[in-house]
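Side-chain atoms are counted along with the backbone in the values below, which use heavy atoms only and exclude waters and symmetry mates.
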Amino acid sequence: MGLPLLGETLQFFSPNTSSDIPPFIKERMQRYGPVFRTNLVGRPVVVSTDPDFNYFIFQQEGNLFQSWYPDTFTEIFGQQNVGSLHGYMYKHLKNMVLNLFGPESLKKMLSEVEQAACKKLQLWSLQKTIELKEATASMIFDLTAKKLISYDPDSFSENLRENFVAFMQGLISFPLNIPGTAYHRCLQGRKRAMKMLKNMLDERRATPRKRPSDFFDYVREELQKEGTLLTEAIALDLMFVLLFASYETTSLALTMAIKFLNDDPLALKQLTEEHETILKNRENVDLGLTWTEYKSMKFTFQVINETVRLANIVPGIFRKALRSIQFKEYTIPAGWAVIVCPPAVHLNPAKYEDPIAFNPWRWEGMELNGATKNFMAFGGGMRFCVGTEFTKVQMAVFLHSLVTKYRWQAIKGGNIVRTPGLQFPNGYHIQIMAKNTTHISKSSDQKDISFKAFL
């Protein structure tokens with residue numbers, strides 16, 4: 001359980017560069033088994049790396065377990081954030097979000113996602129290099145903010161995403177709230193972002209639109225209903241979480257996918273062939289993607305599944321035991337926190353052959369419409385991520401636009417650090433080139449794997 005009060009918090013947050021199960025988890029699995037206890041930030045915690053127990057936890061949501069996050073997370077995401085809500089209120093918010101990010105809405109949004117990707121790729125191809133994580137994060141944030149709150153960065157004196165960048169830098173850091181620390185900058189970033197969102201909501205109330213055109217309009221209408229359970233605090237916390245979750249995780253996954261493809265010419269070749277086939281089978285090649293074409297991208301979905309399995313962007317999913325629970329030989333005391341650890345399942349050699357290898361073919365013939373015992377990149381149970389399909393749409397459409405019209409070469413960076421969240425400390429700098437040009441940057445003498453695959 002570590003030191004008094006502090007527990008094993010320092011070890012938990014210790015940076016590592018491993019692509020395997022995090023050292024903190026792996027060492028304790030070897031010492032104590034698949035389920036063990038520790039102390040993080042003064043709180044006793046059970047850590048589960050057992051697929052059966054993880055599945056049991058997700059299936060017993062609202063009965064034996066409920067969503068829970070440490071006080072520091074609650075301070076960051078807000079007291080009324082969607083992760084801290086339960087029962088009817090949570091279901092109500094989930095349905096509101098599904099109206100925006102559900103399949104029917106995404107069918108209509110597909111062309112916007114493709115246009116955003118094409119526009120940015122064309123712009124990036126004119127530059128010597130881009131830092132991919134930052135570039136894709138900016139692209140996705142602008143698109144999501146437009147759909148949620150009709151946000152246009154050119155119309156505001158303060159940049160909303162800059163506040164989210166400050167927020168992200170301290171999100172998974174040691175919770176020391178004093179000036180100069182990453183955690184303090186995180187809280188300040190949240191404070192500024194929430195102030196901007198509050199001002200936007202006030203403006204929307206002052207000058208309401210005739211017909212709802214974005215998520216803010218639906219929120220405003222809901223707040224006006226008699227007897228509504230939605231409060232302004234819940235609405236603003238929801239907006240904050242949606243903006244954060246939609247761009248940060250997806251941009252990390254996209255960066256990892258392109259890094260994996262850059263290092264695997266065979267996977268890149270098969271992915272490219274799949275998307276070029278879509279264009280060949282289309283009567284008019286200049287028409288945009290259709291939903292049928294999107295759903296036909298079988299190998300693309302294999303690449304996405306393998307990317308999120310290896311990336312393990314979410315290092316832990318928090319729950320709390322509502323009462324004392326017996327499972328196998330373990331007793332979980334009432335009130336104790338439980339951390340479900342996806343990386344320990346996704347990188348388990350008993351479940352995945354050569355688990356740290358990028359192998360999208362391992363998903364061949366498998367249809368994944370939700371979580372399984374051995375795959376929980378998007379959570380599980382009733383709290384399975386409502387933005388899963390939105391993430392897949394953005395990744396698939398971006399990859400389609402990229403491999404059909406461009407090639408790229410890695411320039412520098414690409415190394416990862418986990419603290420325990422995934423980061424690119426030196427970025428991932430690449431050069432993007434239109435396929436109808438033979439220009440190669442002289443700024444790098446690195447072996448251009450992805451370029452040579454097309455020669």
Side-chain angles (χ1 to χ4, degrees), residues 2 7-31 34 36 38 40-41 45 47-49 54 69-70 72-73 76 131-134 136-137 164-176 181-183 185-186 244-245 247-260 262-263 305-318 339-349 351-352 354-358 375-379 385 391 412-429:
E8 296 188 300
T9 307
L10 294 177
Q11 296 95 316
F12 181 76
F13 284 106
S14 178
N16 74 85
T17 57
S18 174
S19 296
D20 202 349
I21 298 170
F24 176 88
I25 302 295
K26 193 169 187 176
E27 290 167 10
R28 285 154 185 78
M29 287 173 64
Q30 293 170 345
R31 192 182 307 173
F36 60 88
T38 183
L40 299 178
V41 200
V45 174
V47 178
S48 172
T49 68
N54 295 340
Y69 285 91
T72 50
F73 269 58
I76 288 171
E131 198 287 287
L132 188 62
K133 166 61 179 65
E134 168 62 22
T136 53
F164 278 88
V165 171
F167 169 82
M168 183 57 209
Q169 288 173 347
L171 174 60
I172 306 180
S173 61
F174 190 79
L176 191 61
T181 63
Y183 185 70
R185 289 193 296 272
C186 173
F244 162 74
Y247 91 90
E248 181 59 28
T249 54
T250 307
S251 59
L252 281 168
L254 256 181
T255 304
M256 288 296 291
I258 291 169
K259 184 177 186 299
F260 288 141
N262 190 74
D263 296 337
N305 287 341
E306 185 70 347
T307 296
V308 295
R309 180 189 72 83
L310 284 169
N312 289 302
I313 293 165
V314 178
I317 301 170
F318 292 82
I339 299 180
V340 172
C341 183
V345 176
H346 295 159
L347 301 172
N348 184 343
K351 306 298 180 183
Y352 294 96
D354 195 6
I356 62 174
F358 177 71
F375 185 73
M376 54 186 67
F378 299 100
C385 178
T391 295
K412 64 178 181 179
N415 298 323
I416 64 168
V417 170
R418 298 181 187 273
T419 62
L422 176 64
Q423 298 177 35
F424 288 86
N426 301 313
Y428 184 45
H429 300 262

Closest contact, heavy atoms only, P342 versus G316
CD-CA, 4.1 Å
Side chains of V314 and F378: does their closest heavy-atom pair fall under 4.5 Å?
no
V345/F375 under side-chain contact (heavy atoms from CB on, under 4.5 Å): CA gap, chis, key distance, verdict
CA-CA 7 Å; V345 176; F375 185 73; over 6 Å; no
With a 4.5 Å limit on heavy-atom distance, are the side chains of E306 and F260 in contact?
no
Should K259 and T255 count as side-chain neighbours, where that means a heavy-atom distance under 4.5 Å?
no
Testing the basics here: between G379 and I317, what is the closest heavy-atom pair and its distance to 0.1 Å?
CA-CD1, 3.9 Å
Please examine the side chains of N262 and Y428, heavy atoms only from C-beta on, and report whether any two atoms are closer than 4.5 Å.
yes
Rounded to the nearest 0.5 Å, the CG atom of N415 sits from the CG atom of N426 at a distance of 6.5 Å
Using modelled atom types only, decide if a donor and an acceptor are shared between the side chain of T49 and the backbone of P34 within a distance under 3.5 Å.
yes
Distance in Å, I313 CD1 paired with Q423 CD, rounded so as to fall on 0.5 Å steps
12.5 Å
Those residues at least two apart in sequence (or on a different chain) that pass side-chain contact (heavy atoms from CB on, under 4.5 Å) with H429 are E131, I411, K412
Non-hydrogen side-chain atoms of V308 and T391 separated by less than 4.5 Å
no
Residues in side-chain contact (heavy atoms from CB on, under 4.5 Å) contact with D20, at least two apart in sequence or another chain:
S18, K26, L347, I356
Let me see the working for I339 and L40 under side-chain contact (heavy atoms from CB on, under 4.5 Å), right down to the final yes or no.
CA-CA 11 Å; I339 299 180; L40 299 178; 3.8 Å; yes
In short, V417 meets T419 closest at the heavy-atom pair CG1-CG2, 3.7 Å
Determine whether N16 and F24 satisfy the following criterion, side-chain contact (heavy atoms from CB on, under 4.5 Å), listing intermediate values before the conclusion.
CA-CA 9 Å; N16 74 85; F24 176 88; over 6 Å; no
To the nearest 0.5 angstrom, please state how far the CG atom of N348 sits from the CD1 atom of I21.
6.0 Å
What are the two closest heavy atoms between L422 and A311, and how far apart are they?
CD2-O, 4.1 Å
How long is the gap from OG on S19 to CG on N312, to the nearest 0.5 Å?
10.0 Å
How long is the straight-line distance from CG of L310 back to OH of Y352, given to the nearest 0.5 Å?
10.0 Å
P343 to P315 - nearest heavy-atom pair and separation:
CD-O, 3.6 Å
Assess the residue pair I416 and F424 against the criterion (side-chain contact (heavy atoms from CB on, under 4.5 Å)); give the C-alpha distance rounded to whole Å, side-chain angles, the decisive distance to 0.1 Å, and a yes or no.
CA-CA 5 Å; I416 64 168; F424 288 86; 3.7 Å; yes
Given side chains that start at C-beta, do those of H346 and M376 come closer than 4.5 Å, heavy atoms only?
yes
Please determine which of Q11, E8, R28 meets the side chain to side chain donor-acceptor pair (under 3.5 Å) test together with T38.
E8
Interatomic distance, CD1@I25 vs CZ@F12, rounded to 0.5 Å, equals 6.5 Å
